[in-house]
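First up is the structure itself, then whatever we jot down about it.
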Protein chains: 2
Amino acid sequence: MTPVSNEPNGTPRLADVARAAGVSQSTASRVLNGSARQVADEYRVRVLAAAEQVGYTTNLAAQAMARGHYPAVALVVGDIRDQFFARIAFGAMREASRRGYILNLLSTEGDESRERDLVQDLRRQRPEALVLARKRDTTARAGSRLMEQLIGFQRESGRVVIVGEPSEPVLAVRPPDFDGGKALAGALLELGYRDFVVFLGDNSIPSERDRLDGFRVGLSTGGVALPDSHVYLTSPSAAGGIAAATDYLADRSKAEVIVCTEDDIAWGAIQRLRGSGLEIPGDVAIAGYGRRRSSPLGDDADWLTTVRSPLEEMGAVAVSAALDPLASDVPLPAPEVHLGGSTPDRTPPRASRRKR
Amino acid sequence: MTPVSNEPNGTPRLADVARAAGVSQSTASRVLNGSARQVADEYRVRVLAAAEQVGYTTNLAAQAMARGHYPAVALVVGDIRDQFFARIAFGAMREASRRGYILNLLSTEGDESRERDLVQDLRRQRPEALVLARKRDTTARAGSRLMEQLIGFQRESGRVVIVGEPSEPVLAVRPPDFDGGKALAGALLELGYRDFVVFLGDNSIPSERDRLDGFRVGLSTGGVALPDSHVYLTSPSAAGGIAAATDYLADRSKAEVIVCTEDDIAWGAIQRLRGSGLEIPGDVAIAGYGRRRSSPLGDDADWLTTVRSPLEEMGAVAVSAALDPLASDVPLPAPEVHLGGSTPDRTPPRASRRKR
DNA sequence: TTGAAAGCGATACCAC
DNA sequence: GTGGTATCGCTTTCAA
């Protein structure tokens, strides 16, 4: 008999507010959610008071249905426990919340072929934007069906932005790896290093290449060249670092500093080099790339010289770009070079070298 | 003139599927979303085919409005970049997705007083469950207004579950810290240690106390007692470790092993002890608690003996419990003791001691 | 079993 | 400015 509400346990509806304020539902709606503010102050105050009084909260689903879109942005990550994704998520979350959007988090849990299914599933929600964070371009492997999904999504819902490796028709926010490599080169030159070796993680990953390219350009600014023979190609992991270090030792090379395109490579290399009795940085200095932590006091990780990409900002920029096409050209902050004990100052030259 | 659809760019609606299948919308609904399956097979097949053909996806907002609730669970974390929260989020996400739920991620960004506002805002969405992850009970500080919000939420929407420190009338999933402490004691006894000192992070944090209590109980099982004078009270951080180690050195204590209730404390202590010329584990072994990483090869962090709590599972259990009251008694897996180089085997006793 | 029709809560067009 | 009122897409009685 009594009107049935779908709101759980008598949560007040807009109509309740309107009644309490003695205005029409339209007016209440305009005050509480509408954009074009064209309500007399007197009414406005009454509505606000009534809403507060009855404890009204907008029913997002109803609003979404009436408006035709849901104020949410979906973020697909690989594994949120990975700092790369966590930092992106952090920034994305902050920006979404700043804009009054809800953030839906989805995870492929490492299985990137799941991206397609996730996106598929996502579409039910009609979020306004979709941000895909990825370390490498898996679109090809995941099949063009993912691309179809993305394009479908863009047609029917909002925009898609990829953070990390770009993949053609979709907008991407790339990490400033070139700049980071260049900055690292500059910093090392500044410290007095002139003789470099690079452990490159993967020739086919754009980020890795960019870091190397940037590094080379940075060196050339200081008039230093990096011959190809000084670049050890390996894999972007600690195991890769061990392998590259092994090759390096076999070559009887001696550089002043080894620059790795990933921190993990550096850690592996350090392990291998120390295992061979080398002192670091005494016998050879070392630097990484991709600093993970926000340096809690007392953690040895601060010791490694490395570069920190502005991942939080990338997440935020991705959300902005996805939600607001006009904002797509926000510049990213420059990567931050962290100088640790692994690359001590070599200047002035008369100071003792090769000594811890 | 033509019927206006609020669906973006002609996304098919249920009515389109029904038409294509030549059945009523009710039938289509029953096949595609309904629970009680009471549709003739012939129709069922036709509907499914039609849905596939036109590329139908349920409009969640519409469904939510009709049903009265949104299939989402909200997760409020402190800072997603923190492994504690990231691992909980990971588990929560997996469980939510397994159940077909959407996960909304919110962050207080370290400012726990924001919890209240977040929960307030959250209610717009009418999610079915709310999971709050927290390292300590901040309800008191955030004022009882948070508690009011939570209770309000429970009344009108779903259930609230807290992961971490409990706070009265709300269900909580606590980390098995007591068991972890006990297990660590057992493992150290097994390695031949008999003389212990504990650096306790904070007397008022339940987790810290539980670890200590569990540790004591574990020791007593081996007939070993831990006098109060062997417990150094400090703060749960690297700085706290430095402070405790300083006290320890001043006391001229000598234990076989220092057990810290947080990894950070251990790292700080290590730094301080080494700074005083002590060899670790040569002069004193050390263990922590709360292992962070999933041990990437080559990372020194594996070296520290520590205990890893089942945070992923806690996140998953929290979601289950919030969504499904019946499932609230799922047991958590036991914490995992990781033995590293910081606590070498002391048995057999005839082996050389105090020597690296 | 199936279908017609009445909502669900909010928005927005359209007169007044 | 303000207030009816017709949707929005889907679920769910209620008859047939």
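We name chains A, B, ... by the order of the sequence lines, and we start the count at 1 in each one.
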Residue A/R13, side-chain atoms from C-beta onward, closest of D/dG9, C/dA10, D/dG3 = C/dA10
Name the closest nucleotide to the B/N33 side chain, picking from D/dT11, C/dA5, D/dG3.
-> D/dT11
For atom CZ of B/R19 and atom P of C/dT2, their distance in whole Å = 20 Å
Base, sugar-phosphate alone, or nothing: which one does B/T27 contact when heavy atoms must sit under 4.0 Å apart?
-> sugar-phosphate
Of the candidates D/dT2, D/dG9, C/dT11, the side chain of A/A40 sits closest to D/dT2
Give me the one residue out of B/V76, B/V73, B/L118, B/V161 that meets side-chain contact (heavy atoms from CB on, under 4.5 Å) with B/L130.
-> B/V76
Counting side-chain heavy atoms from CB outward, which of C/dG3, D/dC10, D/dC8 is closest to A/A66?
-> D/dC8
Could you list the residues that satisfy ring pair (Phe, Tyr, Trp, His ring centres under 6.0 Å) with A/F85, not counting sequence neighbours?
-> none
Are OP1 or OP2 of D/dG3 and a side-chain N or O of A/S24 less than 4.0 angstrom apart?
-> yes
Nearest-angstrom distance from the residue atom CG of B/N59 to P of D/dT7 | 18 Å
Roughly, in whole Å, what's the span from CD in A/Q25 to C1' in D/dA6?
-> 13 Å
Stepwise salt bridge (Lys or Arg N to Asp or Glu O under 4.0 Å) check, B/E312 with B/R94 | CA-CA 9 Å; B/E312 287 86 352; B/R94 153 175 272 160; over 6 Å; no
Donor-acceptor pair under 3.5 Å, B/R30 side chain vs C/dG3 base = yes
Testing D/dT11, C/dA4, D/dC10 for proximity to the side chain of B/S26, the answer is C/dA4
Using atom OH of B/Y43 as one end and atom C1' of C/dT1 as the other, report the distance to the nearest whole Å.
-> 9 Å
Specify the closest pair of heavy atoms between B/P333 and B/E313, including all atoms of both residues, with the distance to one decimal.
-> CG-CG, 3.5 Å
Work out which heavy atom in A/G55 is nearest to a heavy atom in A/P12; give both atom names and the distance.
-> O-CG, 3.4 Å
Tell me which of A/T58 and B/V23 sits closer to the 5' end of DNA chain C, going by the nucleotide each one is nearest to.
-> B/V23
Would you tell me if any nitrogen or oxygen in the side chain of B/Y70 comes within less than 4.0 Å of OP1 or OP2 on C/dG9?
-> no
How close or far is atom C1' of C/dC8 from atom CG of A/L60, stated in whole angstroms?
-> 15 Å
Would you say A/S29 reaches C/dT11's phosphate, i.e. side-chain N/O to OP1/OP2 under 4.0 Å?
-> yes
Nearest listed nucleotide, side chain of A/L14, among C/dA10, D/dT11, D/dT13 = C/dA10
In whole angstroms, how far is the P atom of D/dC8 from the CG atom of B/D16?
-> 12 Å
Sequence neighbours excluded, the answer for side chain to side chain donor-acceptor pair (under 3.5 Å) partners of A/E148 is none
Out of D/dC10, C/dA10, C/dT2, whichever nucleotide has its closest atom nearest the side chain of B/V39 = C/dT2
Test A/V131 against every option in A/L323, A/V319, A/V160 by the side-chain contact (heavy atoms from CB on, under 4.5 Å) rule and name the one that passes.
-> A/V319
Taking atom P of C/dT2 as reference, at what distance in whole Å does atom CG of B/L32 sit?
-> 14 Å
Rounded to the Å, how far apart are A/R67 CZ and D/dG9 C1'?
-> 17 Å
A/Q149 and A/R123: side-chain donor and acceptor closer than 3.5 Å?
-> yes
End-to-end axis angle, where each axis spans five pairs of the helix from C/dT1-D/dA16 to C/dC16-D/dG1, to 10° | 30°
Below 4.0 Å: OP1/OP2 of C/dT11 and any side-chain N or O of A/Q63 | yes
